[in-house]
Protein chains: 2
Amino acid sequence: MSFFGTISSKKHNSLRLIIQLAQSYTDKKPVSLSEISSEEGISIKYLEQLIMPFKRADIIKSQRGRSGGYIMIKDPKKISLKEIIWLINDSPSLAICLDKDYDKSCNYDHNCISKNIWGKIQKSMEGFLDKIYLSEILENK
Amino acid sequence: MSFFGTISSKKHNSLRLIIQLAQSYTDKKPVSLSEISSEEGISIKYLEQLIMPFKRADIIKSQRGRSGGYIMIKDPKKISLKEIIWLINDSPSLAICLDKDYDKSCNYDHNCISKNIWGKIQKSMEGFLDKIYLSEILENK
DNA sequence: TTAAAATACTAGTAAATAAGTAGGATATTA
DNA sequence: TAATATCCTACTTATTTACTAGTATTTTAA
């Protein structure tokens, strides 16, 4: 059963990735993608792509070269699930017409019911996810 | 901004469709797809496909032949958003591994954190959507 | 009676997206 | 200086989405 369809493997793996990386925050030691690769069974090349959004958001930083890797620089206690899921997603809005960049006017009414509903759902989700932090997720491990 | 990616046009249109159909519950008069087609700008052939899940779930019934169409037979006061969104979705589970039919054992741990998280989110969503009814949506129209 | 208007069912298809692969460049350090 | 990392970008394959199309069946208004 699902509400928004199956979570893509990309999202699934991105989440697994960030959970792995969280280790490095307390260790203060970089984790390399080759380590994660062998633990998670995902190719390094693919992990490189998955990790990028987190780096761009300054949740992690990279250390190049031998014995390098990635270190989480934001406290997992301050990283909300909302933030993570936001980064994992590449699409702008739940409904296209909720997106501010979407200026092509909707074919339908200005006051689209469908739009309102998806907006409502999204708000509820935001509220929920904003209260769960990465640190809590790790504890349940 | 989104949590589960952009809502597909199919879902968007399915929702618009069921809202249109709700009219027929009080009217007790069938609404034809050709009417909805011209109102919503969606082809009849496509609407035929979108409407099927609702029919199978006995939310609406059909009346064939001239002056026929579809009539909603379940009270909109008793149709929750959860039910609707469930029907709109075709995929089994938020995360594949949450699906009971998914017997191919997960590559990963039995106790997958990612799985737990998506499961949590889903439960929260269910609770939220189960409290909103189609009738309320129509009132906000 | 019959033509029009509706649903019912199934197959096919073009476009977009997802999910990765691949290759090479650059940086760092043991 | 060789090994081991990240970085960057292009390409490819498979799947999914969003339809279209055709045909059969049913019903009823004229």
Side-chain angles (χ1 to χ4, degrees), chain A residues 2 4-17 20-21 24 29-38 40-56 58-73 88-93 95-96 107, chain B residues 2 4-17 20-21 24 29-38 40-73 88-92 95-96 107:
Chain A
S2 154
F4 294 107
T6 304
I7 285 297
S8 68
S9 71
K10 186 181 176 188
K11 282 167 192 157
H12 191 67
N13 288 327
S14 294
L15 190 53
R16 297 182 68 90
L17 171 61
Q20 286 282 342
L21 286 165
S24 68
K29 217 178 63 185
V31 183
S32 72
L33 292 187
S34 67
E35 293 175 67
I36 295 178
S37 173
S38 49
E40 298 285 343
I42 310 167
S43 83
I44 295 176
K45 289 294 188 183
Y46 194 35
L47 283 173
E48 283 175 4
Q49 288 176 37
L50 298 183
I51 212 169
M52 278 307 158
F54 298 117
K55 205 201 153 191
R56 276 191 227 107
D58 289 322
I59 284 181
I60 54 171
K61 73 172 182 189
S62 64
Q63 165 96 40
R64 281 181 157 196
R66 195 163 187 161
S67 81
Y70 295 90
I71 288 199
M72 186 168 287
I73 51 175
I88 284 175
N89 276 300
D90 5 51
S91 52
S93 216
I96 325 159
N107 301 339
Chain B
S2 153
F4 294 106
T6 302
I7 285 298
S8 68
S9 71
K10 185 181 176 187
K11 283 166 191 157
H12 190 68
N13 287 328
S14 295
L15 190 53
R16 297 182 66 90
L17 171 61
Q20 285 281 342
L21 285 166
S24 68
K29 217 179 62 184
V31 182
S32 74
L33 293 186
S34 67
E35 292 174 67
I36 295 178
S37 174
S38 48
E40 297 286 343
I42 309 167
S43 84
I44 295 176
K45 289 293 189 183
Y46 195 35
L47 284 173
E48 282 175 6
Q49 288 176 38
L50 298 184
I51 212 169
M52 277 307 161
F54 298 118
K55 203 201 155 190
R56 275 190 229 108
D58 289 321
I59 284 180
I60 54 169
K61 73 171 184 188
S62 64
Q63 165 97 40
R64 281 181 156 197
R66 194 164 190 163
S67 81
Y70 296 89
I71 288 199
M72 185 168 287
I73 50 175
I88 284 175
N89 277 300
D90 6 49
S91 52
I96 324 160
N107 301 338

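Reminder, nothing fancy here: chain letters follow the sequence lines and each chain counts from 1. Hydrogens, waters and symmetry mates are skipped; everything else that's a heavy atom, side chains included, is used.
Note that the CD1 atom of Ile88(B) and the NZ atom of Lys10(B) stand 10.0 Å from one another [nearest 0.5 Å]. In this structure, OH in Tyr46(A) is found 11.0 Å from CG in Leu17(A), a value given to the nearest 0.5 Å.
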Considering only distance and modelled atom types, tabulate donor-acceptor pairs under 3.5 Å from the side chains of residues 52-64 of chain B, sequence neighbours left out.
from	atom 1	to	atom 2	distance (Å)
Lys55(B)	NZ	Ser62(B)	OG	3.4

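Here dT16(D) presents its P atom at 13 Å from NZ of Lys11(B), a figure rounded to the nearest Å. The nearest whole Å value for the distance from the CD atom in Gln63(A) to the P atom in dC7(D) is 10 Å. A straight line from CD1 of Ile36(B) to C1' of dT7(C) spans 13 Å, rounded to a whole angstrom. Protein atom CD1 of Ile60(A) is 16 Å distant from nucleotide atom P of dA5(D), rounded to whole Å. The CD1-C1' distance, from Ile71(A) to dA5(D), rounds to 13 Å in whole Å. Distance Lys61(B) NZ to dA6(C) C1': 16 Å, rounded to the nearest Å. With rounding to whole Å, Ile44(B) atom CD1 is found 15 Å from dG22(D) atom C1'. In this entry the distance linking CG of Asn89(B) with C1' of dT16(D) reads 14 Å, nearest Å.
Residues satisfying the side chain to side chain contact (heavy atoms under 4.5 Å, CB included) test with Ser67(A), not counting sequence neighbours, are none. In this structure Glu35(A) satisfies the side chain to side chain donor-acceptor pair (under 3.5 Å) test together with Ser32(A), sequence neighbours excluded. Among residues two or more places apart in sequence or in another chain, the side chain to side chain contact (heavy atoms under 4.5 Å, CB included) test is passed with Lys45(B) by Ser43(B), Glu48(B).
Using a 4.0 Å heavy-atom criterion, one finds that Leu33(A) contacts the sugar-phosphate atoms exclusively.
Here the nucleotide nearest the side chain of Ser43(A), chosen from dT29(C), dT21(C), dT27(D), is dT21(C).
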Report all interatomic pairs (protein N or O, nucleotide N or O of nucleotides 2-4 of chain D) with separations under 3.5 Å.
from	atom 1	to	atom 2	distance (Å)
dT4(D)	O2	Arg66(A)	N	3.2

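Between Ser9(A) and dG20(C) there is a side-chain polar atom (N or O) within less than 4.0 angstrom of OP1 or OP2. Between Ser62(B) and dT27(D) there is no side-chain N or O to OP1 or OP2 distance below 4.0 Å.
Counting only distance, with no hydrogens or angles, the side chain of Ser24(A) and the backbone of Lys29(A) share no donor-acceptor pair below 3.5 Å.
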- Query: Going through the checks in order, is the side-chain contact (heavy atoms from CB on, under 4.5 Å) test met by Ile36(B) and Ile51(B)?
  - Reply: CA-CA 11 Å; Ile36(B) 295 178; Ile51(B) 212 169; 5.7 Å; no

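Against DNA chain D, the stretch residues 45-55 of chain B makes heavy-atom approaches under 4.0 Å through Lys45(B), Tyr46(B), Gln49(B).
Minimum interatomic distance between Ile42(B) and Ser37(B) (heavy atoms only, all atoms of both residues): O-OG, 2.6 Å.
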